[in-house]
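The structure under discussion appears below in the form of structure tokens.
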Amino acid sequence: MTQNTTYNRLSDEKSAYLLQHKDNLIHWFSYGPEAIQRAKDENKPIFLSVGYSTCHWCHVMAAESFGDQETADFMNENFINIKVDKEELPDVDNYYQQACHLFTQSGGWPLSAFLLPDMRPFFVGTYFPKNAVEGQTSFKELTSELLRAFKEEKEQIETNATNVTEAIAKGLVPKDKVEYQGHFPPPAAVMDAVKQFADEKNGGYGQSPKFPQFSFYEWAIEQMLEGMIQKDQGEHIILSLEKMLMGGVYDHARGGIHRYSTDEKWLIPHFEKMIYDQAGLLRLLSKASVLYPSPIIFDSLIQTLDFLEAEMLGESAHFLTAQDADSEGVEGLYHTFTIEEFEDALKNYEDETESLIDNSETIKKWFNITKEGNFDKGLNVISLNYDLRSDFFTQDGWNTIRKAKKAIQNERKMRVPPMTDNKGVASWNFMMVSALVDVMQYCQIDIIRQKASSLFNTTLEGLYTNFLVSKDEQGMKIRHSTTRGASLPYLEDYVNFAETQLRVYEVTGNPVFKQNFQDTLEYILKEFVDGDKVLTRAKATNDHELYPNQSVNSMDQSYKSPASTLIHIIRRAAVLFGDREYLDKVKDIQEDFIHESLKNPLNCGEALRALSYPDTAYRVVKLPVEWLENSKFINFMPYFLSRFVLDYTRDGEDKWEICNLNECEIAGTGLEEFIETLRPTTSPEEEAKDSE
């Protein structure tokens, strides 16, 4: 036993995920040249296992197979086994996820990739059980068959690897065109196209599992604010938001949103919490609050900001990646309550103005708490009863809801919490800071703005100390993960950094951020744009890995597509800098993304945000930087959606102007005239309703 574990090489790693596997009986290598060379020297296939520390099914597969002596002996003798933390090496994960889709029409984690010594895949799947169940091949059966094929069917294995490699190189999204009129179909037409997938009863789209498609909903809210979506279409978006925020997919006790719902009702979540999902939630709710100023929107904002500050902020002022779904080895145990535990929480809550336990029968109905439970073994996932919302959407009712949530949270503090992965990922931290800027700009509740601003000030400094290695004539050098000293230049890091710099400039007026934005954009266009393709890593690193550099499409995956965000910020840059060349450099990519997004708009929300407006709709609003100190201007900022870019002058004059790509259309002097000229006769909410 000691000899076997001696050869597991993960004990010196910093990744929480790799360290979870340091005592496995399998002789894991971390990803790198040593393992690949060993595979070549010994002519053995590679088993590449990709996951992350808070992945429930990764834990299951590790317990079942990677700690099993018989399985480990077989794998150690016949394969070179490599462990990858997908959060450290997103490029590796992305490539073999594409291969997985080709082999199995699905993807996810743990990712189980079987490769030739030159890293070409000959089979890729996800989770495999130790023993065959319900027609699913066991891990032992799979690995035995793949080893046999590797040894006895070399020609077929080579063919598989070649076909998959060529298919990935061509791209997995078909290039056929979608017919439409004008620059892009109007938002109402897009909503009509997805209506057939709408779940009219439960909100959202499609069947279970249901993911909160933040970018799509953000696009829809923006277009509702613009008055471009019809009333019935908008009502489904609001229904979906309310169902999500009242469902168990939202953490009512602490704030923040879980990864996805396993059922169609948004009730039973997959309990892990990812930092990029919290960024998506904040962006969505901040804009939704302008249109639909409901207590559940505002409370979800402040709760999530509290959660981020209390549980997801690292000592070095970066946001942590995720919280596990499991605690004490059981999924959801930390978050769920028996009816007795719920009653105890109410009983133990101390409040001079109200006894929660005296009102427990009503509260239990509001929170869907029953003896039978809605989860395992009589446990209840905490949710709010949508059908009773008129009862608790009152001042007294909502105050009781808030107290009950605090009571649940107090009770949870006594439990063993899920593990939090303390690594920081650059792109996800940049997304979070951009999301905080959205809250600061769009939310009109001072206490929420102040909370977002406090977090913003803390983490903005953390971005520079944790992720920005240096700056030279090519722009910033970005470190992808706090657990690795160096990394390849990844598209998602540079694009999200550029977006953050622009958004920070828009709320601070500091010209350093504007220059950082421009410099980074130039680097992206030079290194990541290749004709009609956007690449995952810089062209300068094309030959640094055995797997090829890949193109990125417009589809949102676990989080918004960085390639779609690139198109969005380039269109904003063109009007900010008055330079059409930015548009020319990505016109072929933009054309491809139009057709990709129209084939699957629900999964291309960020592309919809980037593509819906014509070039003529974009404006740069040039203002005296002093206005950022004026509360009247701060309160007017929610009127400016992303087709407006805020720019600032420092000449001491009180003049303003609004310009398109060709000319300046409106100009004036003083904030009062600016507001009077631009303010609609109604609020954004009323304006949207009127145009419906």
Side-chain angles (χ1 to χ4, degrees), residues 97-98 101-102 105-107 167-199 204-207 211 213-224 226-230 232-234 236-237 240 491 495 529-536 550-557 559-572 574 582-618 642-643:
Q97 287 287 351
Q98 292 184 70
H101 277 278
L102 289 169
Q105 290 74 56
S106 66
I168 295 173
K170 290 177 183 177
L172 304 189
V173 180
K175 293 289 187 181
D176 52 309
K177 307 289 185 182
V178 176
E179 291 186 9
Y180 63 94
Q181 298 295 318
H183 76 283
F184 197 80
V190 175
M191 291 297 293
D192 275 343
V194 301
K195 186 175 182 179
Q196 61 181 308
F197 305 109
D199 184 340
Y205 294 88
Q207 306 300 313
F211 287 80
Q213 296 156 308
F214 297 114
S215 293
F216 177 80
Y217 289 108
E218 185 181 359
W219 166 82
I221 290 289
E222 287 173 341
Q223 297 307 316
M224 290 165 72
E226 295 271 24
M228 299 299 292
I229 284 178
Q230 296 166 12
D232 63 323
Q233 298 170 333
H236 183 72
I237 297 299
S240 300
L491 174 75
V495 166
V529 173
D530 187 14
D532 63 351
K533 293 182 178 180
V534 185
L535 303 174
T536 58
Q550 310 140 60
S551 61
V552 184
N553 61 41
S554 63
M555 292 186 66
D556 305 321
Q557 301 292 334
Y559 42 89
K560 65 191 181 85
S561 162
S564 295
T565 299
L566 175 60
I567 299 299
H568 195 198
I569 61 176
I570 280 179
R571 300 189 76 192
R572 303 191 80 215
Y582 282 109
L583 303 178
D584 295 337
K585 290 176 181 177
V586 296
K587 63 181 181 181
D588 292 339
I589 298 167
Q590 186 170 329
E591 177 68 17
D592 283 347
F593 282 12
I594 288 173
H595 297 286
E596 286 181 8
S597 62
L598 291 179
K599 292 171 199 168
N600 194 347
L602 288 168
N603 289 324
C604 294
E606 185 70 0
L608 297 181
R609 297 188 65 239
L611 300 168
S612 285
Y613 296 114
D615 293 337
T616 53
Y618 284 84
S642 63
R643 66 185 179 92

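On a predicted model such as this, the values are computed, not experimentally measured, just so you know.
Between the side chains of His101 and Gln97, no donor-acceptor pair is found at a separation under 3.5 Å. Checking Tyr613 against Glu226 by side-chain atom types alone, a donor-acceptor pair falls below 3.5 Å.
Annotation: side chain of Asn603 is in contact with side chain of Gln213 (closest heavy-atom distance under 4.5 Å). Residues Met191 and Ile237 form a side-chain contact, since some pair of their non-hydrogen atoms from C-beta on lies under 4.5 Å apart. Proximity of Asp592 to Lys177: side-chain heavy atoms (C-beta onward) are separated by under 4.5 Å at one or more points. Put simply, the side chain of Ile594 does not reach to within 4.5 Å of the side chain of His183, judged on heavy atoms. In this structure the side chain of Asp232 reaches within 4.5 angstrom of the side chain of Lys195, judged on heavy atoms. Between Arg571 and Val586, the closest side-chain pair of non-hydrogen atoms is not below 4.5 Å.
The minimum heavy-atom distance linking Val178 with His595 is given by the pair N-ND1, 2.9 Å. Between Asp556 and Cys604 the shortest heavy-atom distance is OD2-C, 3.6 Å. Of all the heavy atoms in Leu598 and Phe184, the pair that sits closest is CD2-CZ, 3.7 Å. Nearest heavy-atom pair, Lys533 versus Ile589, reported as atom, atom and distance to 0.1 Å: O-CD1, 3.8 Å. Taking all atoms of both residues into account, the shortest heavy-atom contact from Ile569 to Val495 is CD1-O, 3.9 Å. When all heavy atoms are compared, the tightest approach of Trp219 to Gly605 is CB-O, 4.1 Å.
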Worked check of side chain to side chain contact (heavy atoms under 4.5 Å, CB included) between Arg609 and Thr565: CA-CA 9 Å; Arg609 297 188 65 239; Thr565 299; over 6 Å; no
Side chain to side chain contact (heavy atoms under 4.5 Å, CB included) assessment of Ile570 paired with Gln590: CA-CA 11 Å; Ile570 280 179; Gln590 186 170 329; over 6 Å; no
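In this structure Arg572 satisfies the side-chain hydrogen bond (donor to acceptor under 3.5 Å, both in side chains) test together with Glu506, sequence neighbours excluded. With sequence neighbours left out, Asn553 forms a side chain to side chain contact (heavy atoms under 4.5 Å, CB included) with Val173, Met555, Gln557, Glu596.
With values rounded to the nearest 0.5 angstrom, Glu606 atom CD is found 11.0 Å from Ile567 atom CD1. Residue Gln550 holds its CD atom at 5.0 Å from CD of Gln98, rounded to the nearest 0.5 Å.
Heavy atoms of other residues, nucleotides or ligands lying less than 6.0 angstrom from CD of Gln196 number more than 12. In Glu591, the CD atom is crowded: over 12 heavy atoms of neighbouring residues, nucleotides or ligands sit closer than 6.0 Å.
Of the possible donor and acceptor atoms, one in the side chain of His236 sits under 3.5 Å from a partner among the backbone N and O of Gly204. In this structure a side-chain-to-backbone donor-acceptor pair under 3.5 Å is missing from Ser597 to Leu608.
Separation of the Phe593 and His568 ring centroids does not fall under the 6.0 Å cut-off.
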